[in-house]
Amino acid sequence: MLSIRDLHAQIGVRKILKGVNLEVKPGEVHAIMGPNGSGKSTLASVLAGRAGYDVTKGTAHYLGDDLLALEPEERARRGVFLAFQYPVEIPGVNNAYLLKAALNAVRKRRGLPELDAFEFLALIKGKMKLMQMDESFLSRGVNEGFSGGEKKRNEILQMAVLEPRLALLDETDSGLDIDALRVVATGVNSLRSPERAIVMVTHYQRLLDYIEPDFVHVLSDGRILRTGDKSLALELEKRGYDWVKQEASAA
Amino acid sequence: MASTPTDLDALVAQKYQHGFVTDVESDTLPPGLDEDVVRVISKIKREPQFMLDWRLQALRHWHTMANPDWAHLRIAPIDYQSISYYSAPRARTDGPKSLDEVDPKLLATYEKLGVPLHERARLAGVAVDAVFDSVSVATTFKDKLSKAGVIFCSFSDAVQNHPELIEQYLGSVVPYTDNYFATLNSAVFSDGSFVYVPKGVRCPMELSTYFRINAANTGQFERTLIIADEGSHVSYLEGCTAPMRDENQLHAAVVELVALKDANIKYSTVQNWYPGDENGVGGIYNFVTKRGECRGASSRISWTQVETGSAITWKYPSCVLTGDNSVGEFYSVALANHYQQADTGTKMIHIGRNTRSTIVSKGISAGRGQNTYRGLVKILPSAEGARNFTQCDSLLMGDKCGAHTFPYMEIRNPSAVVEHEATTSKIADDQLFYCRSRGVSEEDAVNMIVNGFCKVVFKELPMEFAVEAQNLLAVSLEGSVG
Amino acid sequence: MSATALSPATAHYREAFERLRPQLGGTASRRVAAMERFAELGFPGAREEAWKYTSLRRLESRRFVPAAPATTPVDVPAAFVAQRLALVNGSPVGVVPASLGGFALGTLDTAPEDQLLRALGGGGTERFAALNAALSIGPLLLSTTAGQQSDDVLQLTLVTTGTGPTLASPRIAVRMAAGSRARLLIDHVDDGAHEHFTNAVLDIELAAGAHLTLYRLQRQGERAFHIERMEVRVGEHATFVMRDSQLGAALARLDTNVSLDGRAAATEITGVFLADGSRHLDSHIHVGHRAIETTSLQDYRGIAANKGRGVYNGKAIVHEGAQKSNARQVNRNLLLTSGAEIDTKPDLEIYADDVQCSHGTTTGQLDPNALFYLRSRGLSEPEARSALTRAFAGAVLARVDEPALARHVHDELDRRLVRLLEVTA
């Protein structure tokens with residue numbers, strides 16, 4: 001589904017990704033872990049198409065197409081979803097409106113009929129229940145005045161509504177207390193399916209207690225140094241990241 | 001919320017959709033301005049002597065005045081002698097007594113504009129006075145209003161039927177000496193709307209006027225006077241359109257509002273005069289004086305405007321807060337695209353004790369448009385406990401446009417609190433990216449964010465107007481994204 | 001313009017100029033051209049936008065005598081810093097040292113005249129800059145050499161004095177060479193013996209990467225008229241910082257025009273003014289962003305009381321092409337008593353889109369909740385008011401990083417506020 005080959009990316013002259021390779025198949029859940037500044041969020045941003053990053057080398061293919069050549073909205077319409085680490089506030093634009101516009105854009109691309117307001121509301125109410133969100137939230141501005149936890153829940157709600165093929169979760173656990181983390185994890189787990197792949201970027205092992213990954217990758221200094229199963233995450237939790245770096249440089 | 005993509009596409013395809021010319025026989029005065037023209041206008045309208053005297057005083061005063069040059073505008077000189085000061089659709093009888101007598105072509109014009117002139121029309125429940133070029137064509141819902149005691153009629157009718165109210169209130173808020181364009185209007189105004197809401201009456205429906213300039217080389221000089229007597233409430237809507245013409249046309253209106261004790265006037269405008277084409281050719285010069293006085297204690301006047309049209313807009317709907325505890329509000333969205341120039345804002349003059357005012361201005365500049373907010377908050381020594389809050393935001397779309405903010409604050413009472421905040425920026429890249437990463441196209445994302453930016457103003461508009469305003473904004477921004 | 005059309009005041013200064021000419025240095029034609037420019041512009045009319053809130057009728061009604069070169073030293077207040085030079089009515093007394101406090105010093109005898117007497121066009125004070133260029137008797141050039149770093153502060157005490165109402169025309173040009181750093185303190189005083197008119201000009205240029213901090217203290221007497229034009233051009237990656245304190249004069253007008261000419265040029269201008277008594281203090285701070293990535297911050301705090309009037313006109317203009325610029329203006333004012341007035345006009349003119357610009361201004365009284373809080377902790381009302389007022393000014397004064405000067409301004413504010421608040425409480 002997602003195939004990343006020797007991906008190099010930089011911001012200005014600062015090189016951040018220095019040859020990332022990753023294969024993601026439908027149904028799989030991948031966790032990308034690594035110390036601060038290792039390039040985790042850059043990888044997620046490059047895949048979603050945020051401006052300001054120069055890809056200097058390498059490729060990323062999604063369902064056989066060159067992902068990096070697509071506009072951000074086209075990536076979204078084809079089923080790539082990024083849950084942001086810091087969702088931006090958009091005053092005056094309400095959540096329901098953005099969600100409906102986004103959902104209908106995605107449905108149109110998939111050849112499905114657009115939903116009218118009534119159908120949309122029926123759909124979203126169920127999903128909001130899952131995320132334990134109050135209905136008043138629909139009429140509030142996008143992320144406007146939301147707490148950190150509300151913003152993250154909103155991201156997962158959007159994911160639940162848009163039903164992406166490939167979900168990229170960027171530090172979705174950061175800033176969440178344990179209850180909010182559980183709610184978010186329940187939301188994500190409910191979206192696990194044989195057709196859908198999930199790539200989680202995270203600094204801590206904590207999230208993986210709730211969303212169990214099939215693969216864990218260690219990203220350090222712009223490269224994936226080690227890949228394993230979820231036991232690798234536990235080992236990282238115990239021993240930190242340094243031993244991975246040392247082993248990698250010894251090899 | 002904003003239009004869905006399909007609505008938007010349809011609207012975009014229409015460009016300036018009100019740009020048709022109606023083929024109606026008109027009685028039009030030859031271009032030029034002197035005392036004889038004023039006498040003729042007054043005579044055509046069979047006005048009492050006090051009106052003619054007032055007009056002539058205004059004209060004489062106007063001759064002593066210089067064209068203002070202080071606004072942040074580039075204006076080609078206007079030749080006031082080449083304008084015709086009166087144009088009336090030729091009536092088949094002495095004047096329409098009911099809708100049935102109105103020229104069907106005129107009714108068709110308003111139908112095209114979407115004005116619910118006919119009582120069966122879409123927005124049944126809104127009483128409409130339609131001003132076509134210089135004269136008021138028809139006023140709907142007269143019966144229902146008169147049962148409530150509300151007078152809503154053309155200015156000419158009011159001069160005939162309620163001369164005592166006209167004589168008492170005309171020029172009491174905007175004197176004929178006020179400013180160049182208001183003085184010109186005082187001399188030559190031909191028609192407009194008049195509203196009187198009696199004591200304690202809550203006007204049973206929204207009142208509405210649609211203005212349209214049709215004839216070439218005419219100026220439109222209408223005059224609106226609204227009086228809300230003690231404890232009354234009224235909401236008034238004003239819409240404006242004009243045909244597409246290559247030459248500029250002058251619109252110099254005056255609106256006077258008087259709110260007596262505990263009265264409440266809400267005045268909403270969606271101004272969509274022809275803005276000129278994308279090269280800056282043609283369009284309306286919109287020089288309007290709008291002012292309300294909260295004359296009685298605890299009265300309130302609220303101005304809401306959405307200004308998307310005109311080549312040049314120069315207007316400052318203002319509130320004179322004379323009564324203690326009175327409230328003035330100004331909510332504005334102004335858009336300047338292509339070569340449009342908007343110089344708009346408000347004046348809040350605090351005279352009474354504990355007077356309060358709120359100003360919210362949202363300016364959008366695109367293309368080569370120049371958008372200026374100019375506002376005055378004046379706290380006189382008598383205005384103990386006065387409060388003002390002003391929020392003034394500008395959004396820039398493109399590197400050839402301009403957004404300017406010129407707030408004047410004059411504070412002469414130490415118990416007053418005046419706060420002003422302003423920001424200028426373009427649409428944030430991260431907001432655009434967020435919407436796009438959810439599958440929304442860039443153009444829709446821009447419309448969404450712009451509508452969000454303006455929402456605090458739109459929510460002040462009556463529902464039908466809010467929808468119209470959002471659609472207008474989308475159309476007016478067409479082509480400015482990218 | 002023909003001589004007959006001159007206003008009486010303008011004619012007076014032209015005649016005085018003719019009498020003084022033998023004693024003025026510099027090229028005669030340059031002096032004459034400056035005088036003609038002043039005569040052409042005359043005093044501002046009542047309808048001139050730049051003078052909307054400040055009338056010069058009183059100033060225009062007076063006939064000040066332009067100062068001749070000073071020959072004898074006069075008493076000046078103690079210096080705040082070690083390196084100080086006093087100018088009397090704009091001219092140095094005695095021999096000017098070749099260098100002082102991190103600057104090389106030049107005069108009409110030693111420095112280029114086109115740097116010392118440059119014409120400064122535009123704005124409401126062009127006329128006064130021209131009058132200054134005609135009548136300035138001892139223009140001084142302060143310059144640095146490339147890369148020169150100085151932590152010293154040079155204090156210039158500018159004294160206006162005379163046996164009758166005197167017009168002093170001090171003029172200082174500052175040329176900061178590339179990569180240099182220096183600090184300058186300009187202190188305006190007068191003898192208080194007569195109504196004097198100080199018409200000052202500062203003409204400052206910063207080459208690439210230069211850094212200048214200017215401390216300004218205007219503490220002239222209660223009868224003084226003070227008009228000052230400050231022109232600052234800031235080159236690439238250069239930074240101009242001003243810390244302004246306006247405490248004196250009957251009528252003072254300051255026009256500061258900062259032009260951010262080079263990429264990433266920056267300026268930070270902060271100030272405080274106290275318009276008590278019947279003082280009229282008018283500050284126009286205009287910043288032009290003319291290159292990309294330029295940044296500006298203005299933060300002025302004003303206090304008005306009694307019959308005092310404070311005027312603030314801040315303006316940020318982002319010119320076409322000056323993308324990625326950032327302009328911020330803050331203006332806060334306190335109206336302490338009735339009879340006082342604040343007029344504030346924070347303007348933004350933006351002709352580029354990729355910018356972040358904002359202004360915020362508030363005018364009001366002390367926060368009643370804070371007042372109550374302090375009083376409930378045992379402070380008297382005047383004490384509480386004075387503490388809150390000092391805190392209000394203190395937010396800006398905290399940036400005056402020259403201790404002796406900061407102390408002086410604090411003490412002066414305290415002294416006057418306590419008197420003021422005791423009377424009004």
Side-chain angles (χ1 to χ4, degrees), chain B residues 66 69-70 72 363 365-368 370-429 480, chain C residues 47-49 52-53 302 304-306 309-368 424:
Chain B
D69 61 353
W70 47 268
H72 200 75
S365 309
R368 291 178 177 275
Q370 297 292 329
N371 208 331
T372 299
Y373 168 82
R374 189 184 302 276
L376 168 67
V377 175
K378 188 171 193 144
I379 311 284
L380 293 173
S382 54
E384 197 70 25
R387 296 281 178 276
N388 162 267
F389 176 75
T390 301
Q391 175 77 45
C392 204
D393 297 317
S394 303
L395 201 59
L396 291 151
M397 303 173 67
D399 59 1
K400 296 282 183 285
C401 57
H404 319 300
T405 314
F406 301 119
Y408 296 72
M409 282 155 278
E410 304 172 8
I411 300 118
R412 297 171 62 193
N413 184 304
S415 65
V417 176
V418 174
E419 293 176 75
H420 176 104
E421 285 172 23
T423 63
T424 303
S425 57
K426 63 172 190 169
I427 292 179
D429 288 338
S480 56
Chain C
R47 302 196 63 120
E48 203 173 304
E49 176 71 15
K52 183 178 172 69
Y53 295 116
N306 308 128
R309 189 167 176 192
V311 180
Y312 168 80
N313 174 219
K315 188 190 277 277
I317 306 179
V318 179
H319 292 268
E320 201 172 318
Q323 298 288 23
K324 306 204 181 302
S325 288
N326 192 319
R328 206 149 61 86
Q329 282 177 60
V330 181
N331 169 234
R332 295 189 196 288
N333 306 292
L334 271 183
L335 264 181
L336 289 181
T337 66
S338 57
E341 177 167 352
I342 291 283
D343 301 300
T344 172
K345 188 168 175 282
D347 295 341
L348 291 173
E349 268 185 68
I350 314 295
Y351 299 92
D353 64 333
D354 191 2
V355 298
Q356 291 285 339
C357 304
S358 66
H359 63 227
T361 166
T362 58
T363 300
Q365 52 197 320
L366 294 170
D367 177 4
T424 57

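Lettering follows sequence order; numbering is per chain, from 1. Everything quoted here is computed from the prediction, not taken from an experiment. What's counted below: heavy atoms across the whole structure, side chains too, no hydrogens, waters or symmetry copies.
Between atom OG1 of residue C:T344 and atom CD of residue B:E410 there is a gap of 10.5 Å, rounded to the nearest 0.5 Å. With rounding to the nearest 0.5 Å, the separation of CD in C:E341 from CG in B:N413 is 11.5 Å. Interatomic distance, CD1 of B:I379 versus CD1 of C:I342, reported as 13.0 Å (0.5 Å rounding). With values rounded to the nearest 0.5 angstrom, B:H404 atom NE2 is found 9.5 Å from C:K315 atom NZ. A distance of 7.5 Å separates OG of B:S394 from CG of C:L348, quoted to the nearest 0.5 Å. Separating the OH atom in B:Y408 from the CG atom in C:N313 is a distance of 8.0 Å, to the nearest 0.5 Å.
Comparing B:P381, B:S365, B:S415 by heavy-atom pairs within less than 4.5 Å of chain C, the highest count is held by B:S415. Here B:D399 is the residue among B:D399, B:V417, B:T423 with the most heavy-atom pairs under 4.5 Å with chain C.
Annotation: side chain of C:D353 is not in contact with side chain of B:S425 (no heavy-atom distance under 4.5 Å).
For residues 358-366 of chain C, heavy-atom neighbours of chain B at less than 4.5 Å comprise C:S358, C:H359, C:G360, C:T361, C:T362, C:T363, C:G364, C:Q365, sorted by residue number. Within residues 316-330 of chain C, the residues approaching chain B closer than 4.5 Å by heavy atoms are, in numerical order, C:E320, C:Q323.
Taking each heavy atom of C:P346 and B:P407 in turn, the nearest pair found is O-CD, 3.0 Å.
C:Y53 touches chain B through its side chain: at least one heavy atom from C-beta onward sits under 4.5 Å away, while N, CA, C and O do not. Contact of B:A416 with chain C is made through the backbone alone, with heavy-atom distances under 4.5 Å.
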